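For reference, the structure discussed in these notes is given below.
Numbers here simply count residues along the sequence, with the first being 1. These figures come from a predicted structure and were not determined experimentally.
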Amino acid sequence: MAKAMRGGAVSESAPIYYEEMSKVAGKENDKQSITLIATDDAYNFGDYITLRSRTGHKPQVLTDRGAIISERISERMAGMMDAKVGDTIAVTDSSGTERKVRVDGITEMHIGHFMFMTSGGYKHVFGEQYQSNAYMVRLKNHETSNVESRSAKLIKLDGAKGIVQNTTSKKQVATIVDLPDQIMEVLILAAELLAVVILYNLTNLNVSERIRELPTIKVLGGLGVLVYRRLKTVDMLGALKSVE
């Protein structure tokens, strides 16, 4: 496994400890999944995941005192944790044991619930020696097709239980960002169609009133149709101009 994490299509990699933790809280007692990532190389951890505050983008530094949690835990799970720097939060590990963790910092992260620790912080919270069980990997080619292809190959390696891709998170963000634009496009199209229908009906009413006010149209015969069409054309051009 370690050999596959070096060279070839892999730009760089780093061993980490990865565990899915949880928190049950709130009025509905919802169970929220929290991803724990611990590292014994805090100095280079920023090469893989950027830890910074949402306001001012102030760097968040990993220490052995506690953990850095994502803003979705501290803010968007308000009423469930509502955690702030310096607070102590309780989470449940994969074995069902409750662990208490000091909040050392809060990092900007818009999707998912994450908790980041150093190996020293892990030992302090879990009372166990740190031992990596996963790798963070950066590929030389970041294209989605290449990421999926390499992931399919890595999952076949002995000892590989699963692969988490950040491309999935990127797709979720793109979908969330694009959705309001799509809704606005539909609303604008519907408004334009409604405007055309209303203006067309108003034009017909306007032309009818003009015909009634011009008794000479009755005398003109076929010329009356020509005048009607000309009036209708002028009004429609004005309607289209107003839509623009």
Side-chain angles (χ1 to χ4, degrees), residues 1-6 12-26 28-53 58-109 111-138 154-155 157-166 169:
M1 176 69 75
K3 184 179 179 180
M5 297 298 104
R6 297 191 297 267
E12 55 184 332
S13 64
I16 59 169
Y17 178 80
Y18 180 97
E19 182 179 346
E20 288 293 335
M21 308 186 76
S22 63
K23 175 68 178 178
V24 177
E28 303 298 328
N29 288 325
D30 295 324
K31 184 177 182 180
Q32 297 289 333
S33 176
I34 301 174
T35 301
L36 167 65
I37 297 178
T39 177
D40 61 352
D41 187 7
Y43 182 79
N44 295 312
F45 188 76
D47 294 341
Y48 300 90
I49 299 177
T50 300
L51 301 179
R52 66 183 187 185
S53 63
K58 182 181 178 181
Q60 301 296 294
V61 181
L62 288 168
T63 70
D64 294 340
R65 296 173 301 180
I68 293 177
I69 63 176
S70 63
E71 65 176 348
R72 288 178 61 84
I73 297 178
S74 66
E75 298 178 8
R76 303 190 182 187
M77 287 174 64
M80 299 182 71
M81 282 193 180
D82 196 19
K84 299 178 178 61
V85 175
D87 291 349
T88 298
I89 61 176
V91 294
T92 304
D93 64 17
S94 57
S95 67
T97 304
E98 186 177 79
R99 307 288 184 176
K100 293 185 178 180
V101 184
R102 180 184 185 276
V103 179
D104 239 10
I106 298 172
T107 183
E108 179 182 28
M109 195 160 290
I111 291 183
H113 308 308
F114 289 87
M115 182 180 296
F116 305 98
M117 285 182 175
T118 62
S119 55
Y122 172 85
K123 181 179 179 181
H124 175 72
V125 172
F126 290 84
E128 302 173 358
Q129 288 294 330
Y130 170 85
Q131 185 175 1
S132 63
N133 63 357
Y135 282 90
M136 288 190 299
V137 179
R138 293 184 64 184
L154 291 174
I155 196 63
L157 296 174
D158 294 336
K161 292 181 62 177
I163 293 178
V164 179
Q165 304 175 21
N166 65 351
S169 299

*Indicate yes or no: at least one non-hydrogen side-chain atom of Ser53 is less than 4.5 angstrom from one of Gln60.*
yes
*asked:* Rounded to the nearest 0.5 Å, what separates atom CD1 in Ile68 from atom CD1 in Ile49?
replied: 11.0 Å
*asked:* If the condition is ring pair (Phe, Tyr, Trp, His ring centres under 6.0 Å), which residues does Tyr48 pass it with, not counting sequence neighbours?
replied: none
*asked:* Minimum heavy-atom separation for Met115 and Ala67, please, with both atom names.
replied: CG-CB, 3.6 Å
*NE2 of His124 to CZ of Arg65: how many Å apart, nearest 0.5 Å?*
11.0 Å
*Look only at the side chain of Asn44 and the backbone of Asp41, and say whether a donor-acceptor pair between them is shorter than 3.5 Å.*
no
_So, applying side chain to side chain contact (heavy atoms under 4.5 Å, CB included) with Met117, which one of Asp64, Ile16, Asp104, Val125 is it?_
Val125
*asked:* Any donor-acceptor pair under 3.5 Å linking the side-chain atoms of Ser95 with those of Asp93?
replied: yes
_Side-chain heavy atoms of Phe126 within contact of Val101, under 4.5 Å_ = no
_Heavy-atom closest contact (Phe116 atom, Met109 atom, distance)_ = CZ-CE, 3.8 Å
*What is the minimum heavy-atom distance between Thr118 and Ala38, and which atoms define it?*
O-CB, 4.3 Å
_Pairing residues for Tyr130 by the ring pair (Phe, Tyr, Trp, His ring centres under 6.0 Å) criterion, not counting sequence neighbours_ = none
*Hey, are Glu19 and Ser94 close enough side-chain-wise for a donor-acceptor pair under 3.5 Å?*
yes
_Please find the pair of heavy atoms, one from His113 and one from Gln32, that lie closest to each other, and give the distance._
NE2-OE1, 3.2 Å
*asked:* Can you list everything that forms a side-chain contact (heavy atoms from CB on, under 4.5 Å) with Glu20? Sequence neighbours excluded, please.
replied: Tyr18, Ser33, Thr35
_Once rounded to the nearest 0.5 Å, what's the spacing between atom CG of Leu62 and atom OH of Tyr43?_
14.0 Å
*What is the distance from atom OG of Ser13 to atom CE of Met136, rounded to the nearest 0.5 Å?*
9.5 Å
_Gap between atom CD1 of Ile106 and atom OG of Ser70 - 0.5 Å precision_ = 9.5 Å
_Check: Met21 and Arg99 side chains under 4.5 Å, non-hydrogen atoms_ = yes
_Can you confirm whether Lys123 sits close enough to Glu128 that some side-chain heavy atom of one is under 4.5 Å from a side-chain heavy atom of the other?_
no
*Applying side chain to side chain contact (heavy atoms under 4.5 Å, CB included) between Ile69 and each of Ile89, Thr107, Val91, report the one that passes.*
Ile89
_Minimum side-chain heavy-atom gap Ser132-Tyr17 below 4.5 Å_ = no
